[in-house]
Amino acid sequence: MNVLVLNAGSSTLKAKLIDTEKPEKPEPLLSMTVERIGTDGVTHESAVATVLASAASSTHRVDAVGHRVVHGGERFMGATLIDASVEAAIDACSQLAPLHNPPNLAGIRAARSALPNVPHVAVFDTAFHARLPRRAKTYAIDAAVAEKHGIRRYGFHGTSHGYVAELAAKHLGRPLADLRIVSLHLGNGASACAIELGHSTETSMGLTPLDGLVMGTRSGDIDPGALIALLRAGMSVDELDTLLGKKSGLAGLSGVGPDLRDIERRAAEGDDRCRLAINVFSHRVRKYVGAYAAAMGGLDAVILTAGIGENSASMRQRILQRFDFLGLVLDDDRNTDGKVTHERPVAEISGETSRVRALVVKTNEELAIARQTVTVLAQLAPPASAPVIPIAVSARHLHLDRDTFARLFGQDATPTRYKDISQPGQYACEEKVNLIGPRGRIDGVRLLGPLRPKTQVEVSRTDEFKLGIDAPIRDSGQVAGSAPIVLEGPKGTVSIPEGLICAKRHVHMHTEDAKRFGVKDGDEIEVAITGGPRDLVFGDVLVRVSDRYKLEMHIDTDEANAAELDSGKDGDLVYTGVDMAKAEVREKRIVS
Ligand code: AMP
């Protein structure tokens, strides 16, 4: 699926078109940034139009749009399909993120009106932190005031923290839920996150993305008394907002700007403000690593990601040095070499003896947003397209070649259609045949038409016992070397040397179904029968794909009985029409 990921800021619109079915190629199909929104007549609408025109000229389809939304407030615990009520809720969260949510929403509105027939999904930076424990999200102020104004810790960068944590767990070969991780997203914005049981349990950004670590231009932690002092000294609220959001952090400390590359260069030349900026930054991060290890009662891995975490080996060294007491030993060579790319997104920088693993992980928030968009849409897919397979139970039956039919029913006879069966072009006939084996006989076995090049008799294992014949399990049509059987019809008896089989269970799929299930002709899959009194997983189910087929799994009566499915009328085929009712009640799905 091609997902257009939009990150609409106040002055820029960043867009990436991502093919989510090509995980091995995380490079986007298209990558664009439209700048200067709000000036020169550039609006979110015109920016979206520019992006869509570019997508159209690239001939890539847009199947869905994933929107980055910074604040999801109390309401959004995960990504969600956007409708009018979701737009209104995002709007209501604007007071919590006045710089971010309004432009996010403007981008959503522009994109939804430009692409009304494509699903739009909102992916929230706050969602990964939605299960923060109360002890972590509560500020120690008057509870009534906090409640009234919604003052609590929400946390941000959740898409990135969640994404890198999953990559780290994969690299470590352990379930994410088993790991205690400190994730450090160190970019222009920066935050730390403690991850336990696969969820954020503590994070450094708070009600707003101003809190916590030192950032490019944001202060991070500051004594709230300092803000009161500045207000009392005559600073206006807007001035304070600008000071803490735009004139602080690395830029404010260094006097050089927010980019650590410039600051590191100047520090190496002896600039004291730049040295201090680096020290304040790294010291703050170290404090959080120690604090979060303590809060979690242990630590398995530290992740460093985003512009600084992925690129500045010297900053990583300052942050992670002398953590031996925590069980983390940095390997200086690995750290210096610790390059990450989209193709190789994880680099281990801890030493062989280090109990706590240190990993540089390349974040990819757009890919994470695209994947979450796909997940939301898959969950919303209507039941008709959910992977449910109708099951038909085949009672014993036979197919005859022209010659055998004539010997059983007479030279001038032709098969008489009794009723159509579910696979297009096939039908049950009025004609019935008796099977005679060395031990016993089974009368009244129905013929299925049309006539075929080779005679084939399909029975269950139980039938074989009755007949006293051991037949092989075979795919339909594969009768060479199968078991012999004697057939008795109204006009004669025919002993066939081969043709008796126990049909291999299989699923007929139309080509489109196969695409939907991600399988091809000849694959073997598992199908789970769930929700009934005898749940069962059928393995070795052969997939047969053709444009002529209708989606349906065929099992025999023994198999149906084992799963407590209706085995239908004796000597007949149970039609999907009958069994479908059951299939609706009992969820049937492909499990692999
Ligand atoms: P991000 O917000 O993740 O794009 O991070 C951007 C920031 O990463 C820049 O402003 C720089 O401070 C920092 N950065 C990127 N590359 C390097 C590098 N090679 N060395 C030090 N800092 C870097």
Side-chain angles (χ1 to χ4, degrees), residues 5 7-16 26-28 31-33 35 68 70 99-100 125 128 156-165 167 183-193 203-205 209-210 212-220 245-269 271 273-282 284-285 303-320 332 335-342 345-347 349 359-369:
V5 176
N7 182 356
S10 54
S11 62
T12 58
L13 175 73
K14 292 186 185 150
K16 289 201 170 141
E27 289 301 329
S31 182
M32 279 189 79
T33 303
E35 289 177 325
R68 180 186 185 200
V70 166
L99 296 182
H100 296 100
D125 274 18
F128 185 62
F156 299 87
H157 287 148
T159 311
S160 176
H161 288 302
Y163 176 79
V164 295
L167 279 181
S183 168
L184 303 168
H185 179 109
L186 309 176
N188 220 345
S191 71
C193 180
T203 191
S204 60
M205 284 177 166
L210 259 189
L213 303 181
V214 178
M215 306 181 216
T217 60
R218 283 173 256 167
S219 65
K246 300 213 168 102
K247 294 189 173 171
S248 297
L250 289 173
L253 286 169
S254 68
V256 164
D259 197 315
L260 184 66
R261 284 166 289 203
D262 302 330
I263 297 168
E264 285 181 337
R265 200 176 333 106
R266 292 283 281 272
E269 290 161 9
D271 185 312
R273 282 184 68 180
C274 288
R275 282 186 180 166
L276 180 63
I278 291 169
N279 281 334
V280 175
F281 186 100
S282 57
R284 183 84 54 89
V285 179
I303 299 170
L304 297 104
T305 190
I308 295 171
E310 291 166 23
N311 296 301
S312 177
S314 76
M315 185 56 86
R316 292 197 297 255
Q317 200 268 340
R318 282 171 188 278
I319 292 168
L320 297 181
D332 286 330
N335 182 39
T336 312
D337 296 342
K339 293 261 173 306
V340 284
T341 61
H342 281 309
V346 183
I349 57 170
L359 306 172
V360 181
V361 181
K362 187 160 188 64
T363 193
N364 191 338
E365 287 173 273
E366 292 82 11
L367 182 61
I369 289 171

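Computed from a predicted model, the values in this text were never measured in an experiment. All ligand and atom numbering here is 1-based and tracks the order in the structure. Residues take their numbers from the sequence shown, with the count starting at 1.
- Counted within 6.0 Å of NZ on K14, heavy atoms from surrounding residues, nucleotides or ligands total 12 or fewer; the atom is thus considered open.
- Nearest heavy atom pair, residue G189 against residue M215, reads CA-SD, 4.0 Å.
- H185 and H161 have perpendicular rings, their planes meeting at more than 60° on a 0 to 90° scale where under 30° would count as parallel.
- In this structure the side chain of T305 reaches within 4.5 angstrom of the side chain of E310, judged on heavy atoms.
- The shortest distance between side-chain heavy atoms of H100 and P209 falls below 4.5 Å.
- N335 places a side-chain N or O within donor-acceptor distance of the main-chain N or O of A313, the cut-off being under 3.5 Å.
- Pocket lining of ligand 1, defined as residues with a non-hydrogen atom under 4.0 Å away: G187, N188, P258, D259, L260, R261, E264, A306, G307, I308, N311, S312.
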